[in-house]
Amino acid sequence: MKLTTWNVNSLKVRLPQVLQWLQTNPVDVLCIQETKLTDDKFPQAEIEAAGYHVVFTGQKTYNGVAILSRHPIEDVQKNNPLFEDEQQRIIAATIAGMRIICAYIPNGQAPGTDKFSYKLRWLEALEQWLQQEMAKHPNLALLGDYNIAPDDRDVHDPAAWEGMNLVSPEERTAFQRLIALGLSDSFRQFEQPEKTFSWWDYRALGFRLNKGVRIDHVLLSAPLAQRCISCAVDKVPRKWEQPSDHAPVTAELKPAE
DNA sequence: ATGGCTCCGTTGCGGAGA
């Protein structure tokens, strides 16, 4: 059972790459962020033709999330019922006995801005809702673009980034509060290459110089974490023509006993 | 180097991303 998260930065532009990637990586579940498409423009038929069920919620220009699945999708929830939000940033569903939550956590712009306080309020409401969801669903996975690099190891130049958006103490504390609910950062369950990141700036040769940050994560509840046998970033599609600035991150679970 | 690149939209060049 493979679960993937990928911020595609416009599904309109990236659909061919998503379909190409799925051909060689036929994962069970793919959580997509930043579709930037209203629901009437979503390429449902193309995705279903590739052998995937799909659910989505979007808006014009910004945000938008989707879950693609080889298995039937049930009990779909759009956005956090505890948080009034016009922005479409969450879609959740039950798939193969697991509660899958696909989240595009706000960027936050910079500490001290309105967008940053929205990010922190959004994360606080996510934590409250997750607590309820975890009580209902022991097998839960939270996949997405968190816009948080949890640790200095997750930043190419921690000194240059100190206190900035994505790494600030407030954001890292919010991330640790999610972990404290009983979630595991599946990437850190395993030995990993030094300087593994999931996002690189389009500018200034960010990818070529590996000036990146690890902000896309697969968090697993304890029963799923126990079944997890790997978690890895796939840098291959970041090398393609006209790539997303994010790479897909995949966690693999062995079958339940 | 408070920038660079990419995407979007009342198709221009400004906002947003991270």
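Naming: A, B, ... by sequence-line order, numbering from 1 per chain. Given the structure is predicted, the values throughout are model-derived calculations rather than measurements.
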For nucleotides dT10(B) and dC5(B), find the distance between their C1' atoms and express it as a whole number of Å.
25 Å
Using heavy atoms to find the nearest nucleotide of DNA chain B for Val13(A) and Asp245(A) separately, return the residue whose nucleotide is more 5′.
Val13(A)
Using the C1' atom as the reference point in each nucleotide, state the distance between dA16(B) and dG3(B) in Å, no decimals.
16 Å
Counting neighbours of CZ on Arg177(A) that are heavy atoms of other residues, nucleotides or ligands and sit closer than 6.0 Å, is the number greater than 12?
no
Starting from Leu205(A), walk the hydrophobic network (Ile, Leu, Val, Met, Phe, Trp, Tyr; side-chain heavy atoms closer than 4.5 Å) and list everyone else you reach, by chain and number.
Leu209(A)
Round to the nearest Å and state the distance from Lys12(A) atom NZ to dC7(B) atom C1'.
10 Å
Under a 3.5 Å threshold, yes or no: a donor from one side chain and an acceptor from the other, between Tyr202(A) and Asn9(A)?
yes
Close approaches to DNA chain B from residues 197-211 of chain A, in residue order (heavy atom, under 4.0 Å)
Trp199(A), Tyr202(A), Arg203(A), Ala204(A)
Looking across every strand, which nucleic acid part, if any, lies under 4.0 Å from Asp145(A) by heavy atom: base, sugar-phosphate, or nothing?
sugar-phosphate
Just N and O in the side chain of Thr61(A): are any of them under 4.0 Å from OP1 or OP2 of dA16(B)?
no
Do the side-chain N or O atoms of Tyr104(A) get closer than 4.0 angstrom to the phosphate oxygens (OP1, OP2) of dA18(B)?
yes
Give a yes/no on whether any side-chain N or O of Gln242(A) is located under 4.0 angstrom from OP1 or OP2 of dC5(B).
no
Between Glu133(A) and Lys136(A), is there a salt bridge with N-O shorter than 4.0 Å?
yes
Assess whether a salt bridge exists between Lys195(A) and Asp154(A), defined as any Lys/Arg side-chain N lying under 4.0 Å from an Asp/Glu carboxylate O.
no
What contact category does Asn63(A) fall into here, base, sugar-phosphate, or nothing, at under 4.0 angstrom with non-hydrogen atoms?
nothing
Would you say dC8(B) has OP1 or OP2 under 4.0 Å from some side-chain N or O of Asn9(A)?
no
If you measure only the distance, is there a donor-acceptor pair under 3.5 Å linking the side chains of Ser198(A) and Asp216(A)?
yes
Please check the phosphate of dA16(B) (OP1 and OP2 only) for any side-chain N or O of Lys115(A) closer than 4.0 Å.
yes
What I want to check is whether an N or O donor and acceptor connect the side chain of Asn147(A) with the base of dA18(B) at under 3.5 Å.
no
Roughly how many Å apart are dT2(B) and dG15(B), using the C1' atom of each and rounding to a whole number?
16 Å
Determine: side-chain N/O of Arg14(A) to OP1/OP2 of dT6(B), distance under 4.0 Å, yes or no.
no
Compare side-chain N and O positions of Lys60(A) against OP1 and OP2 of dT10(B) and report whether any pair is under 4.0 Å apart.
yes
Between dA18(B) and dC7(B), how far apart are the C1' atoms? Round to whole Å, please.
14 Å
Mind checking the P distance from dG14(B) to dG4(B)? Whole angstroms is fine.
12 Å
Residue-phosphate contact under 4.0 Å: His246(A) side-chain N/O, dG17(B) OP1/OP2
no
Looking at side-chain heavy atoms only, is the closest gap between Leu130(A) and Leu142(A) below 4.5 Å?
yes
Check the pair Trp240(A), Trp21(A) against ring pair (Phe, Tyr, Trp, His ring centres under 6.0 Å), reporting the backbone distance first and the verdict last.
CA-CA 11 Å; Trp240(A) 292 344; Trp21(A) 189 81; 8.5 Å; no
